[in-house]
S.K.: 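To start, I am sharing the structure in question, which I have written as structure tokens.
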Amino acid sequence: MSGKKRRYSRWRLAVQTAAFLVILINPFLNYYWQFSFVQGWYQSLGIGKLWFVSPLEGLESILVSKTVYLPLLIGMLIPVLLALFLGRVFCGWICPIHFLSELEDRLLRLLRIKRRDLWRLPRMVFWFALIGELLLSMIIGAPLFVFLSPPGLVGREIMMAVFFHTLALEGVIVVLVLTLNLFTRRFFCRYLCPLGALLAFLGSKRRLLVVKREEECLKCGLCDRACPLGLSPSQGEGASLYCWNCGECVDACRLNALAFRWRAIGPRVQSDSQPRDE
Amino acid sequence: MPIGGFVVHVQPEEKEELLRELSRHPQVEVFGHDEKGHLIVVLETETSEEMEALVEELSRLRGVINFNLAYLHAEDEVKKIEAGEIKPEIRFHRLRPEESS
Amino acid sequence: MALSRREFLKRTAALTAASLVGMNLPLKVDRAQADADRWVRGTCRFCGVGCRVELGIKDGRPVAIRGVPQSRTNMGYLCMKGMLFYQLMRHPDRLTKPLYRESKKEKFREISWEEALSIAAKKFAESIKNHGPDSVAYYGSGQALTEETYLFQKIMRAGLRTNNVEGNPRLCMASAVGGYITSFGADEPIGSYADIEQAFCFFIIGSNMAEAHPVLFRRVMRRKLDNPREVTVINADPRRSPTSRIADIHLQFKPGTDLALLNAMAYVIVEEKLYNEDFLNNYCTFRVGKEKKEVSFEDYKKFISAYTPEKAADICGGNITPDLIRKVARIFATSPATMSLWTMGINQRIRGVWANNLIHNLHLLTGQLCRPGADSFSLTGQPNACGGVREGGGLCHILPGHRPVKVDKLRHEVEDLWGVPRGRIPAKPGYHTIAMFSAVNEGKIKAIWINCTSPAQSLPNCDKYRKGMAREDVFIIVTDIFPTKTTELANLILPTAFHFEKTGVFGCTERRSQLTLKAIDPPGEAKPEVWIAREWALKLAEELNDPVIKKCVEPFLGLEPGYELPKAIWTEYTQKLTAGRDNDLRGATYEVLQQLPDGVQWPAPTKEWALKGGTYKKFVRGLDPLADEHAIDEKPYQFYGPAHKDHKLWVWLRPYKGPAEEPDAEYPFYLSTGRVIDHWHTSSMTGRIKELMRANPYAYIEINPKDAQRLGIKPGDMVLVETRRGKNILPAKVYEGPMEGMVFVYWYDMAEDRMINRVTKDAFDPGSKEPEFKICACRIKRLSGPKPLKPYLVRL
Amino acid sequence: MGSLLLPRLAHAGLLKSPVGINHLRPPGAVPEEIFPAKCIRCGRCAEICSYRSIRVLDIRYGVYAGTPLINVEEVPCYLCMKCVDVCPTGTLRRVSQEEVRMGLAVINRRQCVTWRGLALCRTCYNVCPFKEKAIHLDQLRPVIDERFCTGCGLCVHGCPLTPKAINIEPVYAFERKSRDVREEEAL
């Protein structure tokens with residue numbers, strides 16, 4: 001049974017690294033070898049004829065420009081389905097910000113710096129961030145998140161560095177987000193990320209959950225401490241909207257009281273649950 | 001302060017009289033003329049409205065067939081354009097080949 | 001001097017207005033003028049037009065070039081090459097030190113001039129001692145000054161006893177030389193540029209003069225546009241070029257079928273009795289074959305009857321119809337004055353001499369010659385191909401003053417004039433260009449001096465010849481101002497002075513010799529070629545222990561190389577070698593040339609005549625002093641050309657001959673090459689002018705839209721061009737230029753992948769030995785979508 | 001940064017569009033009015049551009065940060081048409097090469113050496129991908145035909161003069177939405 005320990009975090013790190021390498025290596029491939037099979041980063045990624053578009057960016061573009069473009073909807077399809085079935089797995093397993101934050105975590109651990117979640121805000125802030133951002137975008141007439149989104153900025157900075165040998169100023173935002181981590185783990189991801197909020201909203205009826213088996217639990221609280229989002233899996237928050245299914249708590253539990261489970265009863269996932277403006 | 005270069009077509013037989021007439025205007029300088037009845041005239045005025053009025057006035061002189069603007073320099077405006085303060089409106093029709101000489 | 005800003009604006013306004021009605025105002029608004037301390041006059045060194053330019057110097061640095069409106073050649077107009085070449089004089093890539101390497105695998109190291117000249121002399125001497133005089137060679141250029149070519153060939157012929165003196169004009173002008181000599185008995189055009197303003201029909205064939213001779217083309221265009229109804233422009237070219245845009249009639253025929261077209265035009269002229277009977281009776285004979293047998297007009301009629309317009313239209317393809325040929329022939333024959341203009345499209349052909357003859361034939365039949373505006377006018381490619389190489393003895397078969405080497409009397413004349421023993425110059429002509437580099441391939445030539453040209457890029461099928469040049473047992477000396485494809489294969493690189501850094505004469509297309517004065521010092525240790533040649537000859541004399549070599553340069557010893565030395569060489573050449581020849585330049589001394597910024601057109605036997613500008617039209621009594629001198633009868637025209645003892649012009653019976661390599665199933669396209677206005681030849685110079693390189697960073701392949709569509713080639717796609725000799729990969733430009741079934745590539749690009757002469761064919765005209773650059777068969781294939789390409793220049 | 005928070009002031013000039021003379025949107029771009037709204041700044045056009053013509057703007061351009069722009073003076077557009085194929089949002093519409101209207105080339109006849117009669121230069125004519133259509137020669141002087149000019153900027157890039165005698169004016173960028181755009185959007 002001990003072999004099972006830490007399995008998810010290793011897997012996750014592998015996936016995150018791979019996902020990060022895509023956006024790290026790709027500009028080099030494009031720039032130096034003109035190999036342009038893959039383009040873009042996690043705002044929109046094109047792999048050959050297959051396109052992915054981040055749901056929030058797509059939604060913003062549609063709302064702000066008040067036009068609909070079919071390929072855009074098709075590009076959003078796979079990420080939306082992923083969120084519908086698996087919840088915020090993009091955040092937990094792919095997002096380069098989370099990846100960098102994890103690296104930061106490891107570095108801090110190495111330096112033996114301990115920290116607590118200093119600032120805690122009401123969870124509701126998360127939803128206001130999403131609504132506020134969408135409203136603001138519509139008022140300004142420009143999709144706000146798309147040029148200030150930390151996950152997108154990581155990709156853009158890499159591209160700028162490779163293609164134009166310079167960095168864009170707005171990269172400071174990434175640094176800011178990572179700095180906030182020092183005070184509260186994943187402060188941005190927890191409270192401010194509108195993309196996370198949208199994915200969480202989409203994943204409200206998701207199939208994949210972290211479920212606690214009461215009979216095995218010793219209430220040791222290890223899982224609660226492990227959760228980067230400050231949730232309490234011990235209280236069953238692994239099944240809440242906010243959980244991004246990273247599996248950290250599953251790994252942390254020594255008694256296998258926590259586990260990923262497919263939602264047993266046929267979930268009422270509405271097939272027509274298109275992203276809506278709340 | 002606009003400066004305008006004009007080609008003035010005049011009836012050749014009236015040319016001499018016109019040249020005398022034009023030399024009386026302080027804002028007008030005649031740079032050249034030929035036997036076909038072309039005068040090359042440069043006008044310099046305080047404002048473009050004044051320039052227009054002057055052209056109107058001169059066009060009515062005896063013997064003048066027409067007054068064609070060939071070159072206009074509006075100094076203040078150009079300075080602003082150079083400084084990037086205003087963007088000049090583009091007049092494409094000026095560049096159609098059939099209108100170019 | 002300085003204008004107030006207000007005054008400047010008013011003048012600009014007035015000038016702009018005046019330009020609209022074509023009025024000239026005596027005003028100047030030239031800001032560049034105020035920026036230079038002084039202006040030095042000279043000739044532009046890009047192309048054979050011979051534009052007069054002035055170089056602006058400020059604080060000892062070249063800062064601008066401008067045209068001079070009073071000029072007789074260019075009327076003040078320049079092209080961008082000419083306008084910007086001052087940038088090259090202080091270019092960081094300039095070669096400034098002699099560079100040497102024993103083996104071609106090694107890196108170059110800097111050496112002193114003393115050492116460099118010793119090595120150069122030693123290698124040539126060794127080669128002569130071990131393998132005989134014909135194991136050394138000089139390969140010069142139509143861009144070298146006349147003084148340089150003259151001195152080098154004198155040292156080679158009289159000093160080293162070899163006729164291996166060639167030059168790149170073999171690649172561009174040789175067929176025109178052959179054509180003029182066989183048809184008119186004398187090299188070089190009869191008329192001048194001034195005929196353009198008096199012509200009524202321009203027959204431009206095989207020339208994109210809008211790109212290659214832009215400033216001259218402007219004169220043609222002005223003539224046409226000022227008299228749109230009276231003047232007709234006919235352009236015959238397989239490719240639609242900027243030249244054909246002003247043409248009333250564009251004859252588009254399959255590459256290499258021009259001989260049929262020209263013969264068919266002659267057929268129409270004969271059939272419809274459009275010929276000038278008086279002119280034919282008085283001045284012409286008909287000739288055929290190698291033995292130049294004289295035949296009758298009837299024989300000619302019989303011969304020409306095979307070339308009906310119907311048959312020719314069949315051969316020519318394109319848009320040629322029998323009616324079109326008839327129409328063009330009628331215009332040609334009946335216009336008040338017809339001027340033919342042609343360049344490489346005619347010359348660079350397997351039968352270039354014949355093609356030249358056939359153009360001359362049309363003029364002879366119709367008598368469109370010697371009158372104002374009527375001329376058969378070949379355009380030169382290089383600034384000094386006429387003056388230096390054709391007149392100065394820069395080809396293997398001719399001595400200075402249009403003297404064939406073979407003729408004992410003339411050869412001995414030269415030997416006597418030089419004061420060397422008779423028999424010093426061998427009777428046998430040396431290797432012509434292709435033979436010379438074949439000999440390099442075979443190892444027959446052990447040491448070669450390449451001056452001011454880059455055969456590694458400019459020879460057809462150049463890979464073949466580059467192999468030979470890369471041989472370790474061939475010692476190559478290159479004199480140039482920049483690294484080129486050829487310096488890559490050199491053992492010894494000698495840095496030379498550039499234009500305006502030395503004094504000398506260029507002779508342009510219209511027999512005009514113009515002097516360019518030294519304005520600034522060359523950078524670093526670069527030296528004028530005349531100095532290099534003289535010093536080298538002295539070392540050779542020591543090495544070979546041969547006082548005759550020293551004798552060759554004796555008149556020039558100790559002279560200052562910036563002005564005195566070229567002057568002494570020019571004086572010897574003109575006063576001694578051109579005396580009594582058809583290119584008599586005795587009147588065109590340095591003093592006269594300095595007095596006349598537009599130079600002198602030969603024949604100019606006396607100073608008085610030269611001061612009038614020389615001869616505008618050859619062979620016409622009253623206009624040409626030699627026509628009076630050599631007159632044999634009372635007729636107004638006297639064709640005293642040295643090659644025709646009968647004082648007649650010869651109409652040649654030349655059959656149709658297609659190109660050496662025609663497209664077939666395997667290689668279905670015609671490949672043709674040419675120049676773009678912004679680059680000069682191998683772009684070793686123009687490539688270093690950032691403005692020009694930015695405009696044309698790399699060569700591309702022009703494809704007809706129909707072919708492109710068929711092959712799925714889109715603009716910018718990378719295209720593989722393949723011939724039997726090699727392949728190139730070039731970006732595509734799809735446009736209505738080349739006709740269907742033909743592709744066109746510019747040859748200036750130095751990048752290995754885009755160097756089109758790696759695939760062109762090295763078949764050559766048996767008469768003129770000029771290779772057929774213009775036509776070969778190729779196939780093309782789309783390789784990939786657009787790729788960003790980098791401009792490439794050879795650097796050290 | 002302050003300007004970021006000012007809603008809808010783009011048209012009042014506070015949020016100035018980066019599009020200007022020789023600074024153009026890539027081929028097929030929707031009008032500048034909705035460009036920043038539609039573009040999701042994914043950078044795929046910039047990554048696929050093998051000529052590096054497309055630059056990505058940074059935050060100094062306010063709400064235009066992250067949008068693609070071509071400065072034709074530096075690197076012109078070679079009309080390879082790859083970028084329009086990868087745009088996920090339709091901000092760059094899929095147009096064919098000859099339908100591209102990035103702007104319109106305008107020759108400054110007072111600057112051009114050929115028009116001033118100082119020299120014969122026809123670089124702009126030679127480098128034009130639609131040579132003889134978009135730029136033709138009238139008495140050896142270049143003349144633009146607005147019907148065919150794509151505004152790719154090869155002429156500007158090639159122009160040997162400083163300042164340039166030929167420039168691209170982004171005339172189409174500020175047009176109201178044309179009918180065909182609406183049609184396409186209605187989809």
Side-chain angles (χ1 to χ4, degrees), chain A residues 26-27 29-31 34 36 38-46 51-54 56-58 60-72 74-76 136-149 152-153 155-156 159-160 162-164 166-173, chain D residues 1 3-11 15 30-31 33-67 74-75 80 82-83 85-94 177 181-182 184-187:
Chain A
N26 193 41
L29 286 179
N30 280 329
Y31 188 83
Q34 272 92 48
S36 52
V38 181
Q39 332 92 39
W41 47 85
Y42 296 110
Q43 276 169 324
S44 172
L45 189 70
W51 291 3
F52 303 103
V53 181
S54 162
L56 180 69
E57 272 87 340
E60 280 191 343
S61 171
I62 291 170
L63 289 175
V64 175
S65 69
K66 299 176 201 69
T67 53
V68 181
Y69 182 67
L70 192 62
L72 177 64
I74 297 171
M76 285 159 66
L136 201 58
S137 293
M138 289 178 73
I139 295 167
I140 289 188
L144 260 189
F145 189 64
V146 298
F147 63 91
L148 297 174
S149 102
L153 279 178
R156 193 145 91 226
M159 186 273 266
M160 289 287 252
V162 176
F163 273 62
F164 306 109
T166 171
L167 288 174
L169 279 176
E170 59 268 36
V172 173
I173 294 174
Chain D
M1 282 296 278
S3 59
L4 269 180
L5 306 169
L6 294 163
R8 277 283 163 199
L9 281 176
H11 309 294
L15 295 179
V30 295
E33 191 191 4
I34 60 163
F35 193 96
K38 230 168 144 52
C39 171
I40 63 164
R41 280 75 161 168
C42 66
R44 283 170 63 185
C45 48
E47 284 205 349
I48 202 152
C49 179
S50 40
Y51 296 97
R52 327 269 178 263
S53 307
I54 301 180
R55 291 191 71 92
V56 171
L57 300 178
D58 63 18
I59 195 70
R60 282 171 297 177
Y61 295 89
V63 296
Y64 298 92
T67 54
E74 275 170 30
V75 194
C80 69
K82 281 186 192 161
C83 51
D85 282 338
V86 297
C87 180
T89 57
T91 310
L92 305 181
R93 287 164 284 158
R94 294 189 177 183
K177 282 190 223 180
V181 181
R182 285 237 177 74
E184 197 178 299
E185 282 162 355
L187 179 123

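No hydrogens, no waters, no symmetry mates; every other heavy atom, side chains included, goes into these values. Chain A is the first sequence line, chain B the second, and so forth, proteins listed ahead of strands; every chain is numbered from 1. Here the structure is a predicted model, which means the values were calculated and not measured.
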S.K.: Rounded to the nearest 0.5 Å, what's the gap from CH2 on A/Trp51 to SG on D/Cys42? Could you check?
M.R.: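 One finds 9.0 Å between CH2 of A/Trp51 and SG of D/Cys42.
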
S.K.: Provide the closest heavy-atom pair for A/Met159 versus D/Val56 in the form atom of the first, atom of the second, distance.
M.R.: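 The answer is CE-CG2, 3.2 Å.
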
S.K.: Let me confirm one number: the SG-CD distance from D/Cys39 to A/Glu57, rounded to the nearest 0.5 Å.
M.R.: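 Going from SG on D/Cys39 over to CD on A/Glu57, the span is 10.5 Å.
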
S.K.: Please flag which part of A/Leu29 lies under 4.5 Å from any non-hydrogen atom of chain D: side chain, backbone, both or neither.
M.R.: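 Answer is neither: A/Leu29 stays 4.5 Å or more from chain D.
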
S.K.: Please determine, among A/Tyr42, A/Phe52, A/Phe163, the option with the most heavy-atom pairs under 4.5 Å with chain D.
M.R.: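 Of the candidates given, the most pairs with chain D belong to A/Phe163.
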
S.K.: Identify the heavy atoms of D/Arg41 and A/Trp41 that sit nearest to each other, and give their distance.
M.R.: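 Smallest heavy-atom distance, with atoms named: O-CZ2, 3.7 Å.
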
S.K.: Which of these, A/Val172, A/Leu153, A/Leu169, A/Ile173, sits in a side-chain contact (heavy atoms from CB on, under 4.5 Å) with D/Ile59?
M.R.: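 Result for side-chain contact (heavy atoms from CB on, under 4.5 Å) with D/Ile59: A/Leu169.
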
S.K.: If we define contacts as heavy-atom pairs under 4.5 Å, which of D/Lys82, D/Arg60, D/Arg55 has the most with chain A?
M.R.: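 That would be D/Arg55.
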
S.K.: Output the option from A/Ala168, A/Ser149, A/Gly58, A/Ser44 having the highest count of non-hydrogen pairs under 4.5 Å with chain D.
M.R.: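 Of A/Ala168, A/Ser149, A/Gly58, A/Ser44, A/Ser44 has the most heavy-atom pairs under 4.5 Å with chain D.
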
S.K.: Given heavy-atom pairs under 4.5 angstrom as the criterion, report whether the side chain, backbone, both or neither of A/Tyr31 touches chain D.
M.R.: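 When you check distances to chain D, atoms from both the backbone and side chain of A/Tyr31 fall under 4.5 Å.
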
S.K.: Measure D/Cys45 against the heavy atoms of chain A and call it side chain, backbone, both or neither at under 4.5 Å.
M.R.: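 Neither the backbone nor the side chain of D/Cys45 comes within 4.5 Å of chain A.
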
S.K.: Pick whichever of D/Gly66, D/Gly43, D/Pro88, D/Pro36 has the most heavy-atom pairs under 4.5 Å with chain A.
M.R.: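 Greatest number of close heavy-atom pairs with chain A: D/Pro88.
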
S.K.: Are there over 12 heavy-atom neighbours, none belonging to D/Tyr61, within less than 6.0 Å of that residue's OH?
M.R.: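 Not buried by this count: 12 neighbours or fewer within 6.0 Å.
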
S.K.: Closest approach of D/Lys38 and A/Ser65, non-hydrogen atoms and distance?
M.R.: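 Here D/Lys38 and A/Ser65 meet closest at CG-OG, 3.6 Å.
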
S.K.: What distance separates D/Thr89 OG1 from A/Gln43 CD, expressed to the nearest 0.5 Å?
M.R.: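 Between D/Thr89 OG1 and A/Gln43 CD, I get 11.0 Å after rounding to 0.5 Å.
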
S.K.: Rounded to the nearest 0.5 Å, how far does CG of D/Leu57 lie from CD of A/Glu170?
M.R.: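 The CG atom of D/Leu57 is 9.5 Å from CD of A/Glu170, to the nearest 0.5 Å.
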
S.K.: Nearest 0.5 angstrom please: D/Glu47 CD to A/Asn26 CG, how far?
M.R.: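 The CD atom of D/Glu47 sits 5.0 Å away from the CG atom of A/Asn26.
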
